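Worksheet: the structure to be examined is printed underneath.
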Amino acid sequence: MICIAIANQKGGVGKTTTAINLATGLAATGLRVLLVDLDPQGNASTGLGVNQADRAQSSYDLLVGNCALDDAVIATRVPKLDLVAATQDLSGAEIELIDYEERTHRLAHVLAEAPGGRWDICLIDCPPSLGLLTINAMVAAQSLLVPLQCEFFALEGLSQLLQTVDRIRGRFNPALSIMGVALTMYDRRNRLTDQVADDVRACLGDLVFHTVIPRNVRLSEAPSHGVPALIYDVRCSGSEAYMRLARELIARLPQQEKAA
Ligand SMILES: Nc1ncnc2c1ncn2[C@@H]1O[C@H](COP(=O)(O)OP(=O)(O)O)[C@@H](O)[C@H]1O
Ligand SMILES: [Mg+2]
């Protein structure tokens with residue numbers, strides 16, 4: 001199982017939208033996917049139609065050792081896509097975990113428990129900060145996917161993120177790679193977003209996925225119906241883009257994962 005953290009300490013850049021729809025796109029290609037919601041806001045869980053009442057065991061319980069991975073896994077209505085949901089408890093985890101042994105490795109140890117062959121790929125939806133939750137995701141992951149919103153300050157904050165990645169590599173996870181940067185909320189009619197996309201590509205080169213996620217109202221409507229956009233409206237431009245992103249990501253996976 002390859003594990004990819006979807007991270008950017010900025011809020012509202014499309015992490016959760018990417019987590020939900022990329023996970024669904026990957027599942028649609030036949031991969032078995034586990035999505036771990038690591039944001040106390042629990043938007044990925046809500047967006048997949050998992051109500052608070054159905055979140056008896058959550059990512060918080062896993063991090064503090066209240067339950068085993070198997071107890072926290074919820075099958076979603078998307079075939080081949082399972083979820084570990086998030087609850088409000090998670091907002092206290094950053095502080096609570098300070099007293100725990102190996103506090104940066106809690107999620108890594110939990111995911112190492114995953115039975116071999118049950119999932120091909122795990123996506124982790126990170127909160128909008130570089131705190132202990134995101135660090136747990138980066139320690140557990142082999143790779144990072146960074147959504148960048150096509151707006152004027154897109155690159156601001158990226159150096160801080162990359163510094164954190166370097167620190168994690170140095171101290172905990174030398175093999176952590178960056179799978180790619182995904183441009184989100186691209187608006188063809190707005191020349192500024194075009195300019196931003198060009199600048200980001202000039203700066204980051206091949207690291208940037210070829211696929212660009214357009215600004216598309218269907219992507220923002222789908223969560224209120226508790227389904228991924230790919231199910232809400234498979235033909236909308238946002239769904240098509242996430243399906244392309246899923247294929248592009250698969251092409252970037254290490255060879256043995258593709259064969260799975
Ligand atoms: N490509 C898009 N087009 C239109 N709205 C989007 C798009 N991506 C995200 N949104 C909306 O923008 C808001 C923030 O997105 P979200 O994925 O929750 O970001 P994050 O998880 O980084 O905070 C949400 O209301 C979401 O529905
Ligand atoms: Mg989010």
Side-chain angles (χ1 to χ4, degrees), residues 4-25 35-50 55 58-60 83-88 90-91 93-94 123-131 133-134 136-138 144-151 153-158 160-161 164 180-190 192-194 196-197 200 208-246 248:
I4 300 174
I6 300 179
N8 184 333
Q9 76 276 24
K10 281 194 178 190
V13 299
K15 286 181 292 297
T16 300
T17 306
T18 299
I20 293 174
N21 290 292
L22 188 59
T24 305
L35 174 56
V36 177
D37 189 349
L38 213 57
D39 184 344
Q41 293 186 55
N43 293 340
S45 311
T46 311
L48 281 167
V50 175
R55 301 178 200 173
S58 66
S59 52
Y60 169 82
L83 172 78
V84 171
T87 54
Q88 285 285 335
L90 202 52
S91 56
E94 301 253 358
L123 299 183
I124 307 169
D125 186 24
C126 293
S129 78
L130 292 173
L133 291 171
T134 297
N136 261 274
M138 288 186 182
L144 225 65
L145 188 155
V146 182
L148 270 197
Q149 187 181 349
C150 290
E151 47 141 34
F153 293 113
L155 285 168
E156 191 199 68
L158 192 65
Q160 210 188 346
L161 179 68
T164 305
V181 169
L183 293 169
T184 63
M185 298 186 230
Y186 177 81
D187 185 351
R188 208 166 0 118
R189 292 158 304 181
N190 181 339
L192 177 65
T193 62
D194 241 346
V196 169
V200 170
V208 185
F209 285 105
H210 185 70
T211 304
V212 168
I213 308 300
R215 190 173 276 285
N216 177 211
V217 69
R218 307 299 262 173
L219 290 175
S220 53
E221 286 169 0
S224 63
H225 299 269
V227 288
L230 272 156
I231 287 180
Y232 180 62
D233 181 354
V234 68
R235 269 186 266 276
C236 72
S237 61
S239 293
E240 287 181 349
Y242 275 113
M243 206 55 232
R244 280 198 302 278
L245 185 64
E248 211 183 331

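Reckoned from all heavy atoms, side chains included, excluding hydrogens, waters and symmetry mates. Model, not experiment: these values are computed from the prediction. Read the numbers this way: they start at 1 and go in the same order the structure lists the ligands and their atoms.
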Within-2.8 Å protein N/O/S contacts of the Mg ion (ligand 2): T16 OG1
Whether T134 side chain and S129 backbone form a donor-acceptor pair below 3.5 Å: yes
Of all pairs that satisfy salt bridge (charged side-chain N to carboxylate O under 4.0 Å, His left out), the ones with a partner from residues 224-233, not counting sequence neighbours: R218-D233
Sidechain-backbone polar pair: T184 side chain, V13 backbone, donor-acceptor under 3.5 Å: yes
K15 (side chain) donor-acceptor with K10 (main chain) under 3.5 angstrom: yes
Salt bridge (charged side-chain N to carboxylate O under 4.0 Å, His left out) partners for R189, two or more places apart: D187
Contact table, ligand 1 N/O with protein N/O, distance under 3.5 Å:
from	atom 1	to	atom 2	distance (Å)
ligand 1	1 (N)	P214	O	2.8
ligand 1	3 (N)	N216	N	2.9
ligand 1	3 (N)	N216	O	3.4
ligand 1	17 (O)	T16	N	3.4
ligand 1	17 (O)	T17	N	2.8
ligand 1	17 (O)	T17	OG1	2.6
ligand 1	19 (O)	G14	N	3.0
ligand 1	21 (O)	T16	N	2.9
ligand 1	21 (O)	T16	OG1	2.9
ligand 1	22 (O)	G12	N	3.4
ligand 1	22 (O)	V13	N	3.1
ligand 1	22 (O)	G14	N	3.1
ligand 1	22 (O)	K15	N	2.9
ligand 1	22 (O)	K15	NZ	2.9
ligand 1	23 (O)	G12	N	2.7

Spatial distance of atom CZ (R215) from atom CG (N190) [nearest 0.5 Å]: 9.0 Å
Sidechain-backbone polar pair: S58 side chain, R55 backbone, donor-acceptor under 3.5 Å: no
CE on M138 to CG on L144, rounded to 0.5 Å: 5.0 Å
Donor-acceptor pair, side chain of S239 and main chain of R235, under 3.5 angstrom: no
